[in-house]
Amino acid sequence: MMDIAFTDPHAAKKMKAQQALYHVIDPELFVNVVDLGLIYDLDFEKEDTITVTMTLSTPHCPMGEAITTGVRNAIETVFPERKTDINLTFNPPWSFEMLTEEGRAQLGV
Amino acid sequence: MADINIGKAPPNSAILPFYATGAIAFWLLCLLLLLGADSFTAHYFNPHLLAIVHTAALGWGTMIIFGAAHQLLPVVCERDLFSPAMASLCWYTLTAGVALLVVSFWNFQPGWLMISGGVLVVLSAGAYFINAVFTSRICIHYSVARLFIVTSAAWLLFTVIVGLLLAIHLSHPFFNKNHLDILKLHAHAGLAGWFLQLITGISSKLVPMFLLGKSAKEKLLYYACILQNAGLLLFLGDGYFWGINGFHVLLYAVIAAAGIVCWLLYLYDTFRHRIRKKTDVQMKHTFVSFLLLVIAVLFIPLLLFAGNYQWTILYGTLLFMGWITGIILGKTFKTLPFIVWNGHYKTLSGKVKVPLPKHLYNEGWVSWQFRLFIAAILLLAAGIIAGEAVIIRIAGIAWLSVASLYLLNVMKTLLHKTKTL
C-alpha cells in the first residue's frame, strides 16, 4: 500500500494523483485500485513523466489491461502536461494484507 | 510499462460469436429436449437422443468453452493468442458441423451429410488444438492449467476423430468391434478427456481469481492430471482391445474419480482460504454443477451392474445438463460481461464514470435462471428414473425457460451500447 509522507516534496501532487486513482475501479471486485492496494508508488522526480509502480491482484488478471489503462487515463486527466509510465510489478506480489480498511469493508472481509 | 506482458485478449470478433451461437444452441437443445421427451425413456442409442447429446456436447458445451478458452489461453500464458483467425475458423467449422450432425442424427440419415458434419467438427477441433499448442508453447511460466488446456485439446481432437469414424461406420461399416462399445469409448474420451480436463484447468485459474482465494496445494492439480488421464487411458485401451468389462471399468472409474477428488479438494482449499466471503449466484451455479458431477460419478456402479439403460441416460443427463450446463450458466456471466466491457470501456476507464461489467446484464434474471435450473434438473432426473415422458416434458418446459432467460441475458450483454454515467 502506498503511503504519502508529509515531508515528501511531492506530497501535494501525489495526493492529487491518489484522489484521481480513487475513481479507477477494479471491474471484477468493484473496489478502487487505491483501496485494493494495487498502487505501490507514484514517482514525480522527472519533470515530464509520472511513473506509477503498481501491481494486479493476480498476474493472470483478464482485466489487467483495462486496469492499467484506467490508471494511466486517471493520472493524465489531472496532469495533462505529463506523460504517465506504468511500472507493473509482481514483486512483491499483491496479498490480502495490502487492502486498506475501506477496501476490506467494501469486500465484506 | 515494465517488461511484463499481462496477456492481451484476442479481438472480440474472434470470441463473441461462440457465446452468441452457444446461447442459441442451448435454447435449441432445450426445445429438442421438449420435443424428443420420449427418447429419454427408450434405449440411449436412438436418433433423437443422439441429436440432443450432440447439440449439448458440441453446439452448447464445446461452443461456449471454445469462446472462453480462446479468451483465457492468452491470460493463462501471458501471451497473445497464436492465431485469432484460426479461432474464427474454429467457429465457422464447428457451427456448420454441428448443424449438419444434429439434422442428420434427428432424422437418422447416415451418409455424406453426417460425415461432412463430422469432418467439419474435426477441422474445428484441429484448429483449436493448433491454437492451444502454439499459444502455450510460448508460455512464459509453466503452469498446470496450461497442461490441462493442452491435454484436453488433444482429447477433443481424439474424440471427434473417433466420432467421425463412427459416423462413417454407420453408412460404410468397417469396425470389427461392437458399435455401442466404441460409442462408450468415444463418449468418455469427450467427457473425461475434453470436458473434465478443460474444466479442471480453467477452474483452477478462475475460481481462485473470483474468490480472491489461494491454495498452497497445487500438487493436488498434478495428481488430478495424472489420475484423470490414467483412468481414461486404461478405460480406453482395455475397452478397445479386450472389450468393456464391468469390474475393470469400475477400477478405472475409481482412478479417474480420485483425480476429480484431487481437483475438488484444491478448489475447496481455495474456497477455505478466500478473502471474498460473499458468494454470488454465479459461484453457486458452479458449486451445484460440481455436486451434480459427483452424483453422476457415484452412479457409475449402477449403470455398470444394474443392466437398465435408464441409469445410463440419467448419468449422461447429470453430466451434460447438470455439470457442464451448470458451470457454463454460471461462468458465462463471470466472463462474457467482462469481455464486452473491455471492448466498450477499456479506453474510457479512469477518464469518465463508466458502468461496471455487472451493469451489462440483468443480475435478477441470473438468480431466476439459477432457481429454474435446479427445478429443471430435478424434474428431468425424476422423469428419467420414473420413465415418465410427461414429467420429462414438464422438465423440458422448465429447461426452455432457463434457456430463454439465459439467451435474453446473453443478447442483452452482447448488444450493449457504450454509455457513460
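Only heavy atoms go into these numbers, but all of them, side chains included; no hydrogens, no water, no symmetry mates. Quick note on labels: first sequence line is chain A, next is B, and so on, each numbered from 1.
- Contact of B/Phe210 with chain A is made through backbone and side chain together, with heavy-atom distances under 4.5 Å.
- Taking B/Thr335, B/Asn342, B/Val352 one by one and counting their heavy-atom pairs under 4.5 Å with chain A, the maximum is reached by B/Asn342.
- Contact residues of residues 73-82 of chain A toward chain B are A/Asn73, A/Ala74, A/Thr77 (heavy-atom distance under 4.5 Å).
- Residue contact with chain B, scored on non-hydrogen atoms closer than 4.5 Å, involves the backbone and the side chain of A/Leu29 alike.
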In residues 280-287 of chain B, what donor-acceptor pairs under 3.5 Å come from side-chain atoms, sequence neighbours left out?
residue, atom, partner, partner atom, Å
B/Asp280, OD1, B/Gln282, N, 3.4
B/Asp280, OD1, B/Met283, N, 3.0
B/Asp280, OD2, B/Lys334, NZ, 2.7
B/Gln282, NE2, B/Tyr361, OH, 2.7
B/His285, NE2, B/Gln369, NE2, 3.1
B/Thr286, OG1, B/Gln282, O, 3.0
B/Thr286, OG1, B/Lys331, NZ, 3.0

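- The 12-atom threshold is exceeded at NZ of A/Lys13, counting heavy atoms of other residues, nucleotides or ligands nearer than 6.0 Å.
- Taking B/Pro208, B/Pro337, B/Pro355, B/Gly350 one by one and counting their heavy-atom pairs under 4.5 Å with chain A, the maximum is reached by B/Gly350.
- Of the atoms belonging to B/Leu348, it is backbone heavy atoms, and not side-chain ones, that fall under 4.5 Å from chain A.
- Partners of B/Trp341 according to the side chain to side chain donor-acceptor pair (under 3.5 Å) rule, which considers only residues two or more places apart in sequence or in another chain, do not exist here.
- For B/Phe333 and B/Tyr406, the gap between ring centers is short of 6.0 Å.
- B/Trp365 has its ring centre no less than 6.0 Å from the ring centre of B/Phe370.
- Sorted by first and then second residue, the salt bridge (charged side-chain N to carboxylate O under 4.0 Å, His left out) pairs involving residues 342-351 of chain B (not counting sequence neighbours) are A/Glu65-B/Lys346.
- Listed options B/Ile339, B/Ile275, B/Val354, B/Leu72 were ranked by heavy-atom pairs under 4.5 angstrom with chain A; first place goes to B/Ile275.
- A salt bridge links A/Asp8 to A/Lys14: at least one charged side-chain nitrogen sits closer than 4.0 Å to a carboxylate oxygen.
- Between A/Asp43 and A/Thr53 there is no side-chain heavy-atom pair separated by less than 4.5 Å.
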